[in-house]
Amino acid sequence: MTTIALVGNPNCGKSSVFNILTRSNQTVGNWPGVTVERKSGTYKKDKSVLIQDLPGIYSLSPFSLDEKVSRDYLLKSPPDAIVNIVDATNLERSLYLTLQLIDFGIPMIIGLNMMDLMKSAGKIIDVEKLSYSLGLHVVEMSVLKNHGLNEAIDLAKKDASRAEMHYDARLEASLSEISNVIKKDEIERYSLMSAFEGDFSPLKDELNEDQKNEISEIRSITEKIFDDEALEIVVNERYALIEQVMQLVAKDSGVSGSLTD
Ligand code: GDP
Ligand code: K
């Protein structure tokens, strides 16, 4: 059985996608310990694929219930692949979650939804450059036109990839020092970033007090270097990357798409 999780912002079209892909094969329950609805379903086209729907979220902080449920799932029972559904008309806002998801190290592809709306508004995204700059496959999708949905799942099953995003050299230096303190063979960047931010919960029970103090020390030094607080540093670095990606991929065709298209 291959599990593929659908993750995206609220209103990206995720429920519509989920319903089309799993129609009449759905299971609805709750996430462990909370009253957040959990939906999964067998992929209509390929019964060996289980599609796991996650709550619509803008980020993966531990502060909101929907985000915590999503984060715990990705950390504790990672799916085989993620389809990050992105509303193409809100690409810039969506990329924040995308960058966080990449840090989990779970194979992933981007399902770029609402492409019909992009066309009718005469807006263009350079999909090849988006794919190149994120290091992930991007599938253009439209729920309205029933376009690209199966392709996204098929590609996620066959050919999802782990991307790596790199931030400012000063932040990267701190992250690698933190990694040395943790001394684990495989550590997802998400846990490293969280530790840098002072949140050790993704590394539950793995760190002793000395290690935590050492990491706090690294954080303080980095905060001095940036003259900013850790949480702000991370947010700013992500936005800086998003701006770079947007400059590369956002284009305006200058003409409105045809209505018959
Ligand atoms: P969710 O909040 O991510 O589950 O989003 P929904 O599936 O509820 O979709 C939000 C709205 O966008 C609904 O009105 C959908 O019909 C609409 N929608 C979803 N995908 C598309 C699409 O590809 N094109 C267009 N035009 N509308 C879409
Ligand atoms: K909705």
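In listed order, ligands and their atoms are each counted from 1. As a basis for the values below, the full set of heavy atoms in this structure was taken, side chains included, without hydrogen atoms, waters or symmetry mates. Nothing here was measured: the structure is a model prediction, and the numbers come from that model. We number each residue from 1, following the sequence as shown.
- In this structure, the side chain of Gln52 engages the main chain of Lys39 through a donor-acceptor pair within 3.5 Å.
- Ligand 1 lies less than 4.0 angstrom from a heavy atom belonging to Cys12.
- Any N or O atom pair closer than 3.5 Å counts here, and Gly13 shares at least one such pair with ligand 1.
- Leu99 is not listed as a side-chain neighbour of Tyr239, based on a closest heavy-atom distance of 4.5 Å or more.
- Considering only heavy atoms from C-beta on, Lys123 stays 4.5 Å or farther from Leu117 through its side chain.
- Other residues, nucleotides and ligands contribute over 12 non-hydrogen atoms within 6.0 Å of the CG atom of Asn208.
- Among the atoms of Met115, none of the N or O lies under 3.5 angstrom from an N or O of ligand 1.
- Considering backbone and side-chain atoms together, Val17 places no N or O closer than 3.5 Å to any N or O of ligand 1.
- With a heavy-atom cut-off of 4.0 Å, Leu117 touches ligand 1 through its side chain alone.
- Distances from atom 15 (C) of ligand 1 to the heavy atoms of Pro55, Gly111, Ser16, Ala88 put Ser16 nearest.
- Contact between Ser142 and ligand 1 is present, with at least one heavy atom of the residue lying under 4.0 Å from the ligand.
- Residues Ile57 and Arg71 form no side-chain contact, since every pair of their non-hydrogen atoms from C-beta on lies 4.5 Å or further apart.
- With respect to Arg189 and Glu172, a salt bridge is recorded, a charged nitrogen being found less than 4.0 Å from a carboxylate O.
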